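Have a look at the structure below, then the notes.
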Amino acid sequence: MIRCERPDQARAWCAAGRDEGRTIGFVPTMGALHEGHLALVARARAENDLVVASVFVNPLQFGERDDFERYPRDFEGDARSLASVGCDLAFTGTLADFFPAEVGADGRFEPRALRAPGPAARGLEGDLRPGHFAGVATIVARLFEIVRPTRSYFGHKDYQQTLVVAELARELGYPEVVVCPTLRDPDGLAMSSRNRRLSADDRPRALVLSRALRAARDLWQRGERDPARLAERMREVAGDRGVELEYAALRDPERWTPGEPRGPLERAVALVAARVGPVRLIDNLRLDGPEGLS
Ligand code: PAJ
């Protein structure tokens, strides 16, 4: 596997691959990789001639209350993991490398250069993390421009992000966005780089997220279609000491609205966010879909 410390080197390598007529599968990440990330790379490997991954903890998508400084970083370990699943090229860089024209001499990103995300950024994560999706859209657009992938792979785990990215890709006219299932630990906890920061006491508490989603799915399977009652059930299950629930909500996955839809749902994705100790976790589950959580 080729490792590039500078995005420009990656840009040149990808351009050469494209000139030879090869398809490129791309997996953007912030590193501290786990099996969930590697499953995206494996899927990209199966569907493309070349596989490229980026590892960059993007400061633009972190707010003041967020954990940018404490976000785990391990490029060496990440590069080894990526190589083990057949990645061809992994690249990283600094904020100034990615945005030479937008970052000033003082190291600050010019706020006017932030990209406005589409309507899917409204509600839930968009409300609780102001500016988050602008930061995501800005880096993802730049990464797409560097790699010019045929397909790009994202996890269902960050459900609203997949919608924001799909809107971005529609606007740009490329790439195809492939959404892959959430990988979980055997006890149901969705894999996340942030799980590394859970204490031994907090780790079992974090299970309330997947438990709440499972409870909503059980109710759905018994015929409940009222979003308020499904959300209420999730709040009951997630009401645990040591867990600060930020939201438990329902959305129609095909008609995203900033607020909860009214009236009975035809399709549903249940979404939760909670602070467990010092860590903010999110998870979601399609209630009607094929993605299972046992
Ligand atoms: P990061 O949190 O590192 O996630 C990179 C990709 O891995 C995202 O598409 C995310 O949804 C996916 N992922 C994370 N946990 C997963 C799991 N348990 N199962 C399956 N996929 C999982 O998301 C970001 O980085 C950033 O916002 C990024 C898109 C790289 C822009 O900076």
Side-chain angles (χ1 to χ4, degrees), residues 7 25-44 52-63 66-68 71-75 77-78 81-82 85 87 90-93 95 98-99 109 114-115 117 120-121 125-126 129 131-147 149 151-169 175 177-197 206 209-210 213 269 271 273 279-286 291-293:
F26 175 48
V27 183
T29 81
M30 297 202 299
L33 302 181
H34 50 68
E35 282 171 50
H37 294 114
L38 300 182
L40 305 184
V41 178
R43 173 87 176 262
V52 175
S54 60
V55 176
F56 176 58
V57 186
N58 168 35
L60 305 178
Q61 68 189 78
F62 287 79
D66 292 340
D67 50 357
F68 174 68
Y71 200 86
R73 290 164 171 84
D74 176 18
F75 189 54
D78 291 340
S81 306
L82 290 167
V85 285
C87 184
F91 72 100
T92 186
L95 186 65
F98 281 108
F99 298 101
F109 186 89
L114 281 169
R115 196 179 180 102
E125 293 299 296
R129 304 182 70 188
H132 170 67
F133 285 125
V136 169
T138 304
I139 188 68
V140 172
R142 179 53 48 92
L143 292 166
F144 282 172
E145 201 185 291
I146 291 166
V147 178
R151 301 181 189 86
S152 190
Y153 295 80
F154 293 85
H156 199 276
K157 153 91 177 9
D158 299 279
Y159 185 73
Q160 197 174 357
Q161 172 171 279
T162 66
L163 302 181
V164 169
V165 168
E167 285 176 346
L168 173 68
V177 172
V178 181
V179 179
C180 304
T182 301
L183 257 71
R184 298 175 181 280
D185 285 345
D187 59 10
L189 180 67
M191 290 182 187
S192 164
S193 307
R194 292 184 167 91
N195 294 351
R196 293 189 188 187
R197 294 182 43 232
L209 282 89
S210 55
L213 296 171
V269 57
L271 306 105
V279 187
R280 183 175 188 277
L281 298 175
I282 60 171
D283 197 359
N284 71 84
L285 186 66
R286 187 76 192 244
E291 202 207 354
L293 170 67

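Read the numbers this way: they start at 1 and go in the same order the structure lists the ligands and their atoms. In what follows, every heavy atom counts, from backbone to side chain, and hydrogens, waters and symmetry copies are set aside. In this text the structure is predicted, and so the values were computed from the model without any measurement.
- The distance criterion of under 3.5 Å between nitrogen or oxygen atoms is met by L183 with respect to ligand 1.
- In terms of protein heavy-atom proximity, atom 2 (O) of ligand 1 is nearest to Y71 OH, 3.9 Å.
- Not a single N or O atom of T182, backbone or side chain, sits closer than 3.5 Å to an N or O atom of ligand 1.
- Counting only distance, with no hydrogens or angles, the side chain of E167 and the backbone of A120 share a donor-acceptor pair below 3.5 Å.
- Counting protein heavy atoms only, atom 7 (O) of ligand 1 is closest to H37 CD2, 3.2 Å.
- Within the structure, the closest approach of H34 to ligand 1 falls below 4.0 Å when heavy atoms are considered.
- Ligand 1 places these atoms under 4.0 Å from at least one heavy atom of G36: 17 (C), 19 (N), 20 (C), 21 (N).
- Under 4.0 angstrom from ligand 1, there are no non-hydrogen atoms of A32.
- Where the criterion is an N or O separation shorter than 3.5 Å, residue side chain and backbone included, G155 meets it with respect to ligand 1.
- Taking both residues in full, the closest heavy atoms of L189 and N195 are given as CD2-ND2, 3.4 Å, listed atom of the first, atom of the second, then distance.
- Neither the backbone nor the side chain of V27 has any atom closer than 4.0 Å to an atom of ligand 1 (non-hydrogen atoms only).
- By the neighbour-count criterion of 12 heavy atoms within 6.0 Å, atom CD of E145 is densely surrounded, having more than that number from other residues, nucleotides or ligands.
- Atom 32 (O) of ligand 1 has Q61 OE1, 2.6 Å as its closest protein atom, hydrogens excluded (heavy atom only).
- F154 does not carry R43 over the face of its six-membered ring by the limits of under 6.0 Å from the centre and within 45° of the normal.
- Remark: ligand 1 and V140 share no N or O pair separated by less than 3.5 Å (distance only, no angle test).
- A 4.5 Å side-chain heavy-atom check between F98 and N58 finds every atom pair outside the cut-off.
- In this structure, the side chain of D78 engages the main chain of A32 through a donor-acceptor pair within 3.5 Å.
- In terms of polar-atom proximity, defined here as any N/O pair under 3.5 Å, M191 does make such a contact with ligand 1.
- Between L281 and R194 the shortest side-chain heavy-atom distance falls below 4.5 Å.
- Every N/O-N/O distance between S192 and ligand 1 stays at or above 3.5 Å.
- In H156, neither the side chain nor the backbone holds a heavy atom less than 4.0 Å from any atom of ligand 1.
- Side-chain contact check for L114 versus F109: some heavy-atom pair is nearer than 4.5 Å.
- For ligand 1, the atoms closer than 4.0 angstrom to any heavy atom of I139 are 31 (C), 32 (O).
- Protein heavy atom in closest approach to atom 13 (N) of ligand 1: D158 OD2, 4.2 Å.
- Contact check for I282 versus D158: side-chain heavy atoms found under the 4.5 Å cut-off.
- Of the N or O atoms in Y153, none lie within a sub-3.5 Å distance of an N or O in ligand 1.
- Contacts of M30 with ligand 1, taken as heavy-atom pairs under 4.0 Å, involve both backbone and side chain.
- For Q161, a nitrogen or oxygen atom sits less than 3.5 Å from a nitrogen or oxygen atom of ligand 1, counting backbone and side chain alike.
- N284 contributes a side-chain N or O that, together with a main-chain N or O of H156, makes up a donor-acceptor pair within less than 3.5 Å.
- Closest approach of S54 and F26 over heavy atoms only: OG-CZ, 3.4 Å.
- Looking at heavy atoms from C-beta onward, L143 lies out of side-chain contact with F56 at the 4.5 angstrom threshold.
- Ranking protein heavy atoms by distance to atom 20 (C) of ligand 1, first place goes to P181 O, 3.4 Å.
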